[in-house]
Amino acid sequence: MGHHGMEGIDMLDPLTSSSMTTLAPMGESAPPHHQLHGYGAMNHVMNHHHHGGGLSHAPPAHLGHPSAGLHPDTDTDPRELEAFAERFKQRRIKLGVTQADVGKALANLKLPGVGALSQSTICRFESLTLSHNNMIALKPILQAWLEEAEAQAKNKRRDPDAPSVLPAGEKKRKRTSIAAPEKRSLEAYFAVQPRPSGEKIAAIAEKLDLKKNVVRVWFCNQRQKQKRMKFAAQH
DNA sequence: ATGCATGAGTA
DNA sequence: ACTCATGCATA
């Protein structure tokens with residue numbers, strides 16, 4: 001899917017011809033807040049909400065719109081989240097916008113503490129593969145964008161947009177790939193002990209001939225996976 | 001769409 | 001050293 005920040009041009013012609021000026025990623029003023037590609041750089045659009053325990057507290061009521069942040073029950077209900085996620089995706093596609101587009105466009109919403117998000121995150125929101133709390137926090141933001149986008153789609157209009165500048169490439173991050181056999185072993189270990197001690201991790205790492213850090217991160221990610229809506233206690 | 005990774009915040 | 005939100009890279 002998305003490669004760079006350029007895929008915007010191929011979404012300018014859909015029937016809806018929705019070229020939402022401020023919501024589209026290639027808007028006049030959409031300088032990707034981050035150009036530091038040397039992956040040791042500031043990545044996260046660290047919003048104000050990021051205290052421990054994640055967003056375990058009440059959802060941000062100020063971001064909520066009329067139908068959003070009124071009663072926690074409505075926003076916290078897994079069924080509602082699921083329904084919203086589906087509607088969101090459907091309407092997003094109707095608008096002819098990609099997941100990556102939505103992510104970039106969020107920055108144009110100018111909501112307090114809300115910057116851009118990646119295609120990954122939008123995708124995960126739609127597929128409910130985020131934690132419950134994460135879903136709750138993102139819902140009002142995506143809902144706000146959706147409403148704005150649809151509103152602007154109504155006043156269909158064209159406008160000359162400036163081609164985005166592709167940032168110069170820097171170091172690329174390499175992704176380790178754990179082979180299937182090793183992965184099966186890890187899963188077996190995980191089934192017995194989801195939280196192995198440092199020593200245990202080291203042992204496993206040596207046994208599978210993997211770097212200790214790779215194994216440690218694998219377990220962390222595995223634990224996170226269990227907490228995602230799709231895996232965690234089904235509603 | 002998803003695997004492996006980073007980094008802030010916490011304990 | 002962990003959790004949690006998030007993203008680059010890649011299947």
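Residue numbers begin at 1 in each chain, while the letters A, B, ... track the order of the sequences.
Atom-to-atom, CZ of A/R173 to C1' of B/dC4 comes out at 7 Å; the value is rounded to the nearest Å. Rounded to an integer number of Å, the gap from A/L106 CG to C/dG7 P is 10 Å. C/dC4 atom C1' lies 13 Å from atom CZ of A/R124, rounded to whole Å. Note: CD1 (A/I141) to P (C/dA5) measures 12 Å, nearest angstrom. For the pair A/R195 CZ and C/dC4 C1', the computed distance is 13 Å after rounding to whole Å. In this structure, CZ of A/R175 is placed 13 Å from P of B/dT6, rounded to the nearest angstrom. When the C1' atom of B/dA1 is taken as reference, atom CG of A/L117 falls 17 Å away, rounded to whole Å. If you take CG of A/L138 and P of C/dG7, they are 9 Å apart, rounded to a whole angstrom.
Dashed line: the shortest gap from a side-chain N or O of A/Q99 to OP1 or OP2 of B/dA1 is under 4.0 Å. A/K183 has a side-chain polar atom (N or O) that falls below the 4.0 Å cut-off from OP1 or OP2 of B/dC4. Dashed line: the shortest gap from a side-chain N or O of A/S131 to OP1 or OP2 of C/dC4 is not under 4.0 Å. The side chain of A/K227 contributes an N or O atom lying less than 4.0 Å from OP1 or OP2 of C/dC4. Dashed line: the shortest gap from a side-chain N or O of A/K174 to OP1 or OP2 of C/dT10 is under 4.0 Å.
Interface residues of residues 205-221 of chain A facing DNA chain C, ordered by number: A/R216, A/C220; criterion, heavy-atom separation under 4.0 Å.
A/S120 comes within contact range of at least one nucleobase, with a heavy-atom separation under 4.0 Å.
Under the rule for a side-chain hydrogen bond (donor to acceptor under 3.5 Å, both in side chains), A/S120 has no partner lying at least two apart in sequence or in another chain. Judged as a salt bridge (Lys or Arg N to Asp or Glu O under 4.0 Å), and not counting sequence neighbours, A/R175 has no contacts. Residues passing the salt bridge (Lys or Arg N to Asp or Glu O under 4.0 Å) test with A/E126 are A/R92, sequence neighbours excluded.
Set against C/dC2, B/dA1, C/dT6, the side chain of A/T121 has C/dT6 as its closest nucleotide.
A salt bridge links A/R87 to A/E80: at least one charged side-chain nitrogen sits closer than 4.0 Å to a carboxylate oxygen.
Under a 4.5 Å side-chain heavy-atom cut-off, the cluster of Ile, Leu, Val, Met, Phe, Trp and Tyr residues that includes A/V192 has no other member. The hydrophobic cluster around A/I178 extends to A/L186, A/Y189, A/F190, A/I201, A/I204, A/L208, A/L210, A/V214, A/V215, A/W218, A/F219, counting ILVMFWY residues whose side-chain heavy atoms fall within less than 4.5 Å of a member.
Donor-acceptor pairing under 3.5 Å is recorded for the side chains of A/E148 and A/Q152.
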